Amino acid sequence: MSVVRLNEQQSMAVKQTSSPLLVLAGAGSGKTAVITQKIVHLITRCGYQPNQIAAVTFTNKAAKEMKARVGKLLGDSSVKGLIVSTFHNLGLNIIRREHRTIGIRQNFTIFDDQDSLALMRELCKKDVDADKSELIEILNRISAWKNDLKLPDQAIAQAKDNDELLAAKLYEAYTRSLKAYNAVDFDDLILVPTLLFQQNETIREKWHHRIRYLLVDEYQDTNTSQYELVKLLTGKLGNFTVVGDDDQSIYSWRGAQPKNLELLQKDFPNLKVVKLEQNYRSCGRILKSANVLIANNPHLFDKKLWSDKNYGEPIRVLSVKEDNDEAERVVNEILSRRIKQNLKYRDFAILYRGNHQSRLIERALVIKQVPYKVSGSTSFFARAEIKDIMAYLKLLINPDDDNAFIRIANVPRREIGATTLEKLGSYANQRGIGMFAAIFELGLEEHLTGKGLSAVRRFGQLIVKASDNLKRGDTLAVLNELLAYIGYHGYLFETSSSPKAAEYRWSNVAELLKWIEKGIEDNAQAEDPFATTVTKICLREMLDRNSEEESEQNEVQLMTLHASKGLEFPHVYLLGMEEELLPHKSSIEEDNIEEERRLAYVGITRAKETLSIMVAKQRQRYGEMINSVPSRFLEEMPQEDLDWEEDRQQLSDDEKRERGKNNLANLRKMLSS
DNA sequence: TCTGCATTAATTTTT
DNA sequence: TTAATGCAGA
C-alpha cells in the first residue's frame with residue numbers, strides 16, 4: 001500500500017496544488033487513493049502541517065477508511081491534528097469552538113430526526129392538527145430551507161401559499177425551541193457555522209488560518225449551505241481539491257446540488273479540472289453495462305470510463321416467481337458458489353432499494369445459518385428503548401433539553417401525566433426557563449398540586465443525583481445504577497408483549513451501554529468523554545464500530561444502494577430490479593427517473609467480478625401480492641451482456657420457448673460482435 | 001391515568 | 001402483513 005502507482009491523471013490530481021482543483025472521478029477510478037496520496041503529498045512535499053489540512057466526506061465510514069489509509073501511509077503519529085471527518089462533524093467542531101459567539105451553551109444537544117419529529121409534534125399539538133406524515137412533510141420543508149440558507153423570516157416572507165406559510169411559521173417556532181433547549185439539529189451543524197462565517201470576519205480569518213487546505217470527497221452530494229461553507233473556509237485563495245462524479249449523485253432529495261460541480265467553474269475561474277477515467281474495479285462487461293445504462297442520462301461533464309481488466313462473465317438476470325423465491329434463490333446461490341468457487345461470505349453483497357427489502361433476505365439467511373451484516377440501518381435508534389435511554393443521557397448532559405425531559409419524565413411510569421407535564425411546561429415557558437429547571441422553583445407550587453408536584457420533584461432529584469454522581473464516579477457504574485434505580489429492566493418486561501421481546505429490548509440497551517463504555521475509553525483525553533461519546537452516538541458515528549475487527553469478519557454484506565456508494569464487492573446481487581421499486585414508484589410519479597438510474601448505476605458499479613440482478617414477477621405489498629414488471633433499466637442495458645435465467649420449475653412451455661429464442665438471439669449478437 | 005382492542009397507515013434513500 | 005396510533009372503558 002505504501003507504494004502506490006498512480007496513473008497520469010491521478011498523478012496530476014495529486015500534484016496540482018497551486019490552484020483550486022476539481023477531480024471528476026468515475027466509479028472505481030481510485031479517487032480515495034488520490035485523496036489520501038494528495039494529503040501525503042501536501043504534507044511531505046508542500047510543507048503543510050497535518051493540522052492545516054482538512055479532508056471532508058459525507059459518511060462516517062468513508063472518513064474512517066480515509067483516516068486509516070493516511071495513517072498507514074504516514075504513520076499514525078505523524079498525522080496528528082489532521083482533520084478527516086464528515087461535513088457534519090466538522091461543523092460540530094466549529095460550533096463547539098465558537099459556541100460563545102454563536103450564543104449556544106456548552107454541552108448542547110444534537111437532535112436527530114426522531115427528536116425533531118417529537119419536537120414538531122409538540123409544537124403542532126396546540127393549534128395544528130397534523131399526522132405523522134404531515135409533520136415529516138413540514139420538517140422536510142424546514143430542512144430544505146436550512147440547506148438553502150433560508151432563515152425563518154425569509155421563509156415567511158417568501159411563502160407562496162398557506163401551507164408554506166404555516167410551515168414557515170413552524171420553522172420559526174422550531175428554531176426558537178431548539179435555541180431554548182440549547183440544541184441543534186443535523187442541518188444546523190452545517191447552517192450555523194456557515195452563517196457564523198458569513199457574519200463574522202474575525203472568526204472566518206481564524207479558521208482560514210487553521211485550515212489551509214481543504215479536500216472534499218463526494219462533492220456532487222454537497223448542498224447549497226455545504227458549498228457555501230466550503231467557499232467560506234477556503235476563501236478567495238481556493239486552496240482546495242474536490243472530488244466528485246455527477247453520475248453518482250443520489251442525494252438530491254437531501255438537497256444535494258450536482259450543479260455545484262458547474263458552479264465551481266464560475267466561482268473559481270482558475271479552477272483546474274482533472275478526469276479520472278480508468279476504472280480499476282470492475283471487469284469490462286460490468287463497466288460497459290453501467291456505461292450504456294448511464295448514457296441515458298444527461299451529463300454535466302463528458303466522461304468515458306474504461307478498464308483493462310478482462311471482460312468477465314455475463315451479467316445474470318435471475319427471474320423468479322415471487323419475493324420469497326428471490327430471497328431463497330440468492331441465499332442458495334451464495335451458499336453453493338461459496339463452496340464451488342472457494343469464496344468467503346464477505347465476498348458477497350446483497351443490495352436493494354429500500355431498507356424493508358432486507359427483511360425477507362434476512363429471514364432466509366437466518367434459516368440457512370449464513371452469517372450476515374446489515375449496514376447503515378438506523379432502525380436501532382428508532383427503537384423506543386434506545387430513544388428512552390438516549391433521552392436520559394441527553395438530559396444528564398443538557399438539562400435544558402425539554403424534548404428529552406418530556407420523553408422520559410414518565411418513563412418508567414412515575415405518575416407524571418400529561419396534565420402535570422402541561423402545567424410544568426407552561427410554567428417553565430412563562431418563566432423562560434427549561435422544564436427541568438422549573439421543577440425546583442418555588443413558584444411552581446402555585447401551579448401544581450401536591451401529588452404532581454412531589455412526583456415531579458422526585459424525578460428532578462433523581463436526575464440531579466445521577467448528574468452529581470457522574471461528576472465523581474465511574475460513568476458506566478453510575479448509568480447502571482440509574483437504570484437499576486428506575487427499574488428499567490422490569491419496565492421493559494411490563495411493557496413488552498413477551499418476555500422474549502423484553503429480553504431483546506434489554507439487549508439493545510446493553511448494546512448501547514457497551515458503545516458508551518467504548519466511547520468513553522476512546523475519548524478519554526476529551527474534556528468530557530461522556531458528553532463527547534453521546535454526541536458521537538447522535539451523529540451515528542459509532543454505527544459501524546471497530547472497522548478493523550469488522551474487515552476480519554466474514555459475513556455477507558446487506559445494504560441499501562445508497563449505503564453501498566463508495567464500496568466494492570467481488571460478487572454483487574442486486575435485488576428487485578423492477579418497475580416501481582427501481583425506479584421507485586414515487587420517483588416515477590415525481591418524474592425523477594434520472595436519479596434512480598444513477599442509483600442503479602451505483603449498484604452495478606459496486607461489482608468487481610460478477611453481478612446478478614434479481615427480478616420477481618410478484619411481490620408482496622401491504623400484505624397482498626401484486627404483479628411486477630422488470631425495470632426499464634434492464635432494457636436500457638446492453639442485451640448481449642445479459643444472461644436471462646428463469647426459474648426452471650415455474651416456467652410454462654411458452655415461456656421456455658420464448659427464453660430459448662432470446663438466448664439464441666443473444667448468442668447471435670455475441671458471435672457477431 | 002392506564003389498559004386493551006380496533007383501526008389505519010406504511011415502503012425511498014441518511015448525517 | 002406488521003407496526004403504530006386512537007379511542008373507549010376501567
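Every chain is numbered from 1, with letters handed out A, B, ... down the list of sequences. Keep in mind that this is a model prediction, so the values were computed, not measured.
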**Complete:** Taken in chain and number order and not counting sequence neighbours, the residues that satisfy ring pair (Phe, Tyr, Trp, His ring centres under 6.0 Å) with A:Tyr352 are none
**Prompt:** At under 4.0 Å between heavy atoms, what does A:Asp113 touch on the DNA or RNA strands: base, sugar-phosphate, or nothing?
**Reply:** base
**Request:** Assign A:Thr560 to base, sugar-phosphate, or nothing according to its heavy-atom contacts below 4.0 angstrom with the strands shown.
**Result:** sugar-phosphate
Taking only residues two or more places apart in sequence, or in another chain, which ones meet [X] in a side chain to side chain donor-acceptor pair (under 3.5 Å)?
X	result
A:Thr222	A:Asn260
A:Arg597	A:Asn297, A:Glu636
A:Gln220	A:Glu218
A:Arg632	A:Glu579

**Asked** Among residues 248-256 of chain A, which contact DNA chain B at a heavy-atom distance under 4.0 Å?
**Response** A:Tyr251, A:Trp253, A:Arg254
Mind calculating the distance between [atom1] ([X]) and [atom2] ([N]) to the nearest angstrom?
X	N	atom1	atom2	value
A:Lys61	B:dT15	NZ	P	10 Å
A:Leu581	B:dT13	CG	C1'	12 Å
A:Asp221	B:dT13	CG	C1'	12 Å
A:His584	B:dA10	NE2	C1'	11 Å
A:Leu567	B:dT14	CG	P	13 Å
A:Arg621	B:dA9	CZ	P	17 Å
A:Glu578	B:dT11	CD	C1'	14 Å
A:Leu139	B:dT14	CG	P	18 Å

**Message:** For A:Phe58 and A:Phe87, I'd like to know if the aromatic rings sit close, meaning centre-to-centre distance below 6.0 Å.
**Reply:** yes
**Prompt:** Hey, would you say the A:Tyr171 and A:Tyr174 ring centroids sit under 6.0 Å apart?
**Reply:** no
**Request:** Using the closest heavy atom to pick a nucleotide of DNA chain B for each, name whichever of A:Asn89 or A:Lys585 lands nearer the 5' end.
**Result:** A:Lys585
**Request:** Take A:Thr59 and A:Ser587, find for each the nucleotide of DNA chain B with the closest heavy atom, and name the residue whose nucleotide sits nearer the 5' end.
**Result:** A:Ser587
Could you work out, with side-chain contact (heavy atoms from CB on, under 4.5 Å) as the rule, every residue matching [X], not counting sequence neighbours?
X	result
A:Leu360	A:Asp323, A:Asn324, A:Ala327, A:Arg363
A:Lys423	A:Leu448
A:Lys585	A:Glu580, A:Glu589, A:Arg621
A:Ala404	A:Ala391, A:Lys394, A:Leu395, A:Asp401

**Message:** If I pick the P atom on C:dG6 and the same atom on B:dT11, what distance separates them, to the nearest angstrom?
**Reply:** 16 Å
**Protein proximity profile, nucleotides 2-10 of chain C - base contact B, sugar-phosphate-only contact S, no contact -, cut-off 4.0 Å on heavy atoms** = S--S-----
Taking only N/O atoms, report every protein-nucleotides 1-6 of chain B pair under 3.5 Å with atom names and distance.
| unit_1 | atom_1 | unit_2 | atom_2 | d |
| --- | --- | --- | --- | --- |
| B:dT1 | OP1 | A:Gly417 | N | 3.4 |
| B:dT1 | OP2 | A:Thr419 | OG1 | 2.8 |

**Item:** Phosphate contact (B:dT13 OP1 or OP2) by A:Asn355 side-chain N/O below 4.0 Å
**Value:** yes
**A:His356 ring over B:dT11 six-membered base ring, under 5.5 Å and 30°** = yes
**Electrostatic pair A:Asp245-A:Lys31, nearest N-O below 4.0 angstrom** = no
